[in-house]
Amino acid sequence: MESSWIMGLVGGVLIGTGGAVYLLGNGRIMGASGIIGGLVDGSGRDTAAERLIFLAGVVLMPLLLLPFVGDPQTRATSELWVLAAAGLCVGLGTRVANGCTSGHGVCGISRLSLRGIVATLFYILAGGLTVVLFRHILGVI
């Protein structure tokens, strides 16, 4: 998988472009967890259509690119309970941190937001510690 850094670069450019378009289009910071959270708790009812269109793009864009880039390889575990637990932890973490990688990492750092920079440092640290614990110590993933 020698071209994995190219795919990462392309993905980063697409996420950054999406954040810029979202900000220029409606004046708000793109944060995927906030977009989903507003749909789940009903606080984003007035912008539900916009939120659903954003989420449809997040789901459909990889499907549209699939014929051009081939079947993606992943190192994610095939254990469904691990994936579900990881998803719940990420969801809880984004609510506690009041944002996720797109909100804090992409949009926050690009705006030199201290809160975004600190949040990003903490979730990268937490991610690294999680890999060490669950892969190298417990052998779960």
Side-chain angles (χ1 to χ4, degrees), residues 1-138 140-141:
M1 189 172 211
E2 296 175 16
S3 65
S4 64
W5 68 271
I6 294 173
M7 298 308 292
L9 177 64
V10 170
V13 168
L14 288 174
I15 291 171
T17 303
V21 168
Y22 198 82
L23 179 62
L24 294 172
N26 66 17
R28 290 201 304 262
I29 302 298
M30 178 189 74
S33 62
I35 290 170
I36 295 170
L39 287 173
V40 172
D41 67 12
S43 65
R45 193 169 299 139
D46 56 331
T47 57
E50 168 188 311
R51 293 168 187 264
L52 289 171
I53 291 170
F54 177 86
L55 293 175
V58 168
V59 172
L60 293 177
M61 184 54 79
L63 295 176
L64 292 174
L65 292 176
L66 198 56
F68 303 105
V69 298
D71 195 20
Q73 296 179 2
T74 178
R75 295 184 183 178
T77 181
S78 60
E79 296 286 338
L80 187 58
W81 72 270
V82 173
L83 293 173
L88 289 173
C89 288
V90 169
L92 177 64
T94 58
R95 292 310 263 182
V96 170
N98 202 19
C100 61
T101 54
S102 58
H104 286 304
V106 176
C107 298
I109 289 177
S110 65
R111 295 180 308 114
L112 301 177
S113 163
L114 180 60
R115 185 177 82 148
I117 293 169
V118 170
T120 303
L121 290 174
F122 273 97
Y123 66 66
I124 288 174
L125 178 65
L129 291 174
T130 301
V131 168
V132 169
L133 176 65
F134 286 99
R135 177 170 288 173
H136 300 293
I137 295 175
L138 298 176
V140 176
I141 55 175

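We use all heavy atoms of the structure for the numbers below, so side chains are in, but hydrogens, waters and symmetry mates are not.
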Sidechain-backbone polar pair: H104 side chain, A97 backbone, donor-acceptor under 3.5 Å: yes
E79 side chain reached by V140 side chain, heavy atoms, under 4.5 Å: no
T101 side chain reached by V106 side chain, heavy atoms, under 4.5 Å: no
Once you round to the nearest 0.5 Å, how far does [atom1] of [X] lie from [atom2] of [Y]?
{"X": "T47", "Y": "L52", "atom1": "OG1", "atom2": "CG", "value": "9.5 Å"}
{"X": "C100", "Y": "I36", "atom1": "SG", "atom2": "CD1", "value": "8.0 Å"}
{"X": "L55", "Y": "I35", "atom1": "CG", "atom2": "CD1", "value": "6.5 Å"}
{"X": "L23", "Y": "I29", "atom1": "CG", "atom2": "CD1", "value": "5.0 Å"}
{"X": "I117", "Y": "R111", "atom1": "CD1", "atom2": "CZ", "value": "10.0 Å"}
{"X": "R115", "Y": "I109", "atom1": "CZ", "atom2": "CD1", "value": "13.0 Å"}

Give the minimum heavy-atom separation between [X] and [Y], together with the two atoms involved.
{"X": "P67", "Y": "L64", "value": "CD-O, 3.3 Å"}
{"X": "G19", "Y": "C107", "value": "CA-SG, 4.4 Å"}
{"X": "R95", "Y": "D41", "value": "NH2-OD2, 3.3 Å"}

Residue pairs fulfilling ring pair (Phe, Tyr, Trp, His ring centres under 6.0 Å) with at least one residue in residues 36-90, sequence neighbours excluded: Y22-F54
Salt bridge (charged side-chain N to carboxylate O under 4.0 Å, His left out) partners of R28, counting only residues at least two apart: E50
R51 and D46 ion-paired at < 4.0 Å: no
